[in-house]
Amino acid sequence: MSPEQFIASKAAQAIKAVYDADVDASTLQVSVTRKEFEGDFTLVVFPLLRMSHSTPENTGKAIGEWLKANVPEISEYNCVKGFLNLLLSNFYWNSLFKEITSSEDFGQLPSTGRNIMVEFSSPNTNKPLHLGHIRNNLLGDSVSKLLKAAGNNVIKTTLVNDRGIHICKSMLAWQKVGDGQTPETSGKKGDHLVGDMYVAFNDIYKKEVEDLMAGGMSEDEAKKEAPCLKEAHLMLQKWEAGDKEVRDLWSMMNGWVFEGFDETYAALGIGFDKVYYEHDTYLLGKELVQKGLQKGVFVTDPDGSVWCDLTQDGLDRKIVQRSDGTSVYITQDLGTAEKRFSENSLDSHIYVVGNEQDYHFQVLKLILGKLGFEWADDIFHLSYGMVELPEGKMKSREGTVVDADDLIQKMYEEAKATSEESGKLADMSEEEKEKLYHMIGLGALKYFIIKVDPKKTMLFNPKESIDFNGNTGPFIQYTHARIRSILRKAAEKNIAYRDASEGEVVLSPKEIRLIKILNAFPAKISEAADALSPALVANYAYDLAKEFNQYYHDTPVLKEEDQAVLSMRLLLIDSISAVLRKAMGVLGIELPERM
């Protein structure tokens, strides 16, 4: 029970005792006392005047006197106009601390029984993962962990976009300028090699457009008539027709990419429960197109293309099948959604996709609703802002992206340089140091990206993210390592503290403040899960780490002579380290024992 709920329940008893009036505790307004007033929590008295038939001050005083006399957890009160400020006693905070430390699964909310699928990553197999994909992966993974901590059954999934015109462009370029290269002969990761071919196609395309324009063709016409683009479309048609040569090339190059992706996912600590492939799912939606035509949801244009008219919904007409019979992205997403809901008995499906696809998911939800699927309202697009660099946006077709593998390596190097400058790792083995560098580098990257509200566009700065001071992953990692160091020293001195919660110790205001923050963790998990914002958990972890450091700066722990107080303080900081591990675990970040 939260402090607010506790006070509300006791206030309801006071109202019954003083005014012989029954009131539902959940209707009482209790909040944290404003900083300019003395007290921990405040009860709003105004709604109670109809029961007391008295002034706000007298009503507040009467309730306050009863609470002080009958509830040992409340030590003092004061009434300011219609607000009753209550000060909770040392007994209450000790009791709450015991509850926190006695719960092994503190922060894990009860089961909701809900099945939630979270789709994220969903890369194209024509390029390696880049910085934008990293935000997607880290956000999707942490949202999944967050929803699980909130008591849900979570299925992490990805849809690999392994077919289509973009993939054919890379395949065609490999045929034209690839010179038979493989990952082995080129010394490149497979996803990087295929990405190079995608950039090469764009170079070929640009040259052909320029040549056609030099021959008198307009730019728009040249872009449509470029030979390589027509060849790519022909290759796509051959692929859909099952042409063996095209399919073999496609299988080989996709295999290279999958191996490359797996390396990057492993480096990020990312995994999936189910993987879908577009080549398996793209036909699913075609059946729905036929059903939609029969129901009058879709119409066929004179050229044979199929459309859904959404003008009455404030949108426009949306194509669901091309005139040549090939599917588009929305076609596949319609069929895949139906398959997932039916196979997994989903209560909700969350798509983690950038905000440039807001329109796409608005259309997807509308069409599914028109097709008669009641679960259409259970689809949610977690729309997040783009990641930008000081020099602006990234463009994959021009090869101006920040590669995910390069970034992970850069973060490792930054972590190594910063750690070595500190000079605190002299007694570590080289193996321990290497593990720590990777942990710090990845922690810095994940935290810097996740701490930003998903809806906001963010500017990424690797050097800023690795700072050991301020709101960063390494700061929280260092705080945890600092706590573990104190506890190791206590163990060396044979100081036991596991039973410190037995009995009552006089707590300082700073210790009460820490207990308040610790107690807020389950509520923060719930709030963050409702908002689908791991940023709330990230910033909670920072606030807790910052509060500990201020406490430790001002309060002796190992030097404390009173054994009961010493034991309580050790148990308190142990609890802080445990909650930091759980909070950062939701973000997919490891915390070191030494640093």
Side-chain angles (χ1 to χ4, degrees), residues 1-19 21 23-100 504-524 526-527 536 539-540 542-551 553-555 568 572 576:
M1 181 184 295
S2 70
E4 291 92 338
Q5 291 170 327
F6 172 78
I7 289 171
S9 68
K10 295 302 180 183
Q13 293 177 23
I15 294 164
K16 176 66 175 175
V18 175
Y19 299 114
V23 62
D24 184 348
S26 65
T27 65
L28 297 177
Q29 300 173 43
V30 180
S31 60
V32 175
T33 302
R34 289 164 57 179
K35 291 181 179 179
E36 60 265 36
F37 299 108
E38 183 183 358
D40 293 312
F41 293 90
T42 298
L43 171 68
V44 180
V45 176
F46 293 112
L48 309 178
L49 302 185
R50 59 185 175 81
M51 303 173 194
S52 68
H53 304 293
S54 184
T55 65
E57 291 81 359
N58 288 340
T59 303
K61 183 178 179 181
I63 295 172
E65 283 292 341
W66 190 93
L67 289 170
K68 182 178 177 181
N70 294 278
V71 182
E73 291 89 350
I74 294 176
S75 59
E76 295 292 343
Y77 75 91
N78 64 83
C79 199
V80 180
K81 296 183 179 178
F83 301 95
L84 175 61
N85 302 319
L86 300 166
L87 193 68
L88 292 171
S89 67
N90 190 73
F91 173 75
Y92 174 81
W93 295 115
N94 271 273
S95 300
L96 185 61
F97 184 43
K98 289 175 188 176
E99 286 182 24
I100 293 170
E504 184 177 336
V505 174
V506 177
L507 300 165
S508 71
K510 289 184 183 295
E511 286 157 355
I512 291 173
R513 168 72 179 155
L514 282 165
I515 292 170
K516 285 181 180 179
I517 296 175
L518 288 173
N519 187 60
F521 181 52
K524 187 59 66 175
S526 178
E527 179 190 358
L536 295 174
N539 287 288
Y540 166 86
Y542 171 64
D543 288 341
L544 178 57
K546 184 172 63 172
E547 195 70 31
F548 161 77
N549 281 289
Q550 291 174 351
Y551 169 72
H553 179 269
D554 299 333
T555 308
M568 179 278 297
L572 176 61
I576 292 169

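Throughout, residue positions are numbered sequentially from 1 according to the sequence presented.
Scanning both residues, I63 and A14, for their nearest heavy atoms gives CG2-CB, 4.0 Å. Contact between S2 and Y92 at its shortest, heavy atoms only, is C-OH, 4.4 Å. Taking all atoms of both residues into account, the shortest heavy-atom contact from E511 to L507 is OE1-CA, 3.5 Å. The shortest non-hydrogen separation linking M51 to A21 is SD-CB, 3.8 Å. The two atoms that bring K10 and L67 nearest to each other are O-CD2, 3.6 Å, heavy atoms only. When every heavy atom of P47 is checked against every heavy atom of Q29, the shortest pair comes out as CG-NE2, 3.7 Å.
Under the 4.5 Å side-chain criterion, counting only non-hydrogen atoms from C-beta, L88 is not in contact with I512. Considering only heavy atoms from C-beta on, T59 comes within 4.5 Å of Y19 through its side chain. Residues V44 and L28 are not in side-chain contact: their nearest non-hydrogen atoms beyond the backbone lie 4.5 Å or more apart. At least one side-chain heavy atom of L536 sits less than 4.5 Å from a side-chain heavy atom of K524. You'll find the side chain of Y551 reaches within 4.5 Å of the side chain of L572, heavy atoms only.
Counted within 6.0 Å of CD on E57, heavy atoms from surrounding residues, nucleotides or ligands total more than 12; the atom is thus considered enclosed. Surrounding NZ of K516 are more than 12 heavy atoms belonging to other residues, nucleotides or ligands, all under 6.0 Å away. Atom NZ of K16 sits in a crowded spot, with more than 12 heavy atoms from other residues, nucleotides or ligands closer than 6.0 Å.
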Tabulate below the donor-acceptor pairs under 3.5 Å that side-chain atoms of residues 69-77 make, not counting sequence neighbours, or state none.
unit_1	atom_1	unit_2	atom_2	d
N70	ND2	W66	O	2.8
S75	OG	L87	O	3.2
E76	OE1	K68	NZ	3.3
Y77	OH	E65	OE2	2.7

Are N94 and M568 close enough, and set up right, to give a side-chain contact (heavy atoms from CB on, under 4.5 Å), and what steps lead you there? CA-CA 10 Å; N94 271 273; M568 179 278 297; 5.5 Å; no
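Between F83 and F37, a ring centre-to-centre spacing not shorter than 6.0 Å is recorded.
Remark: of the listed residues D40, L86, T42, L84, L86 is the sole one forming a side chain to side chain contact (heavy atoms under 4.5 Å, CB included) with I7.
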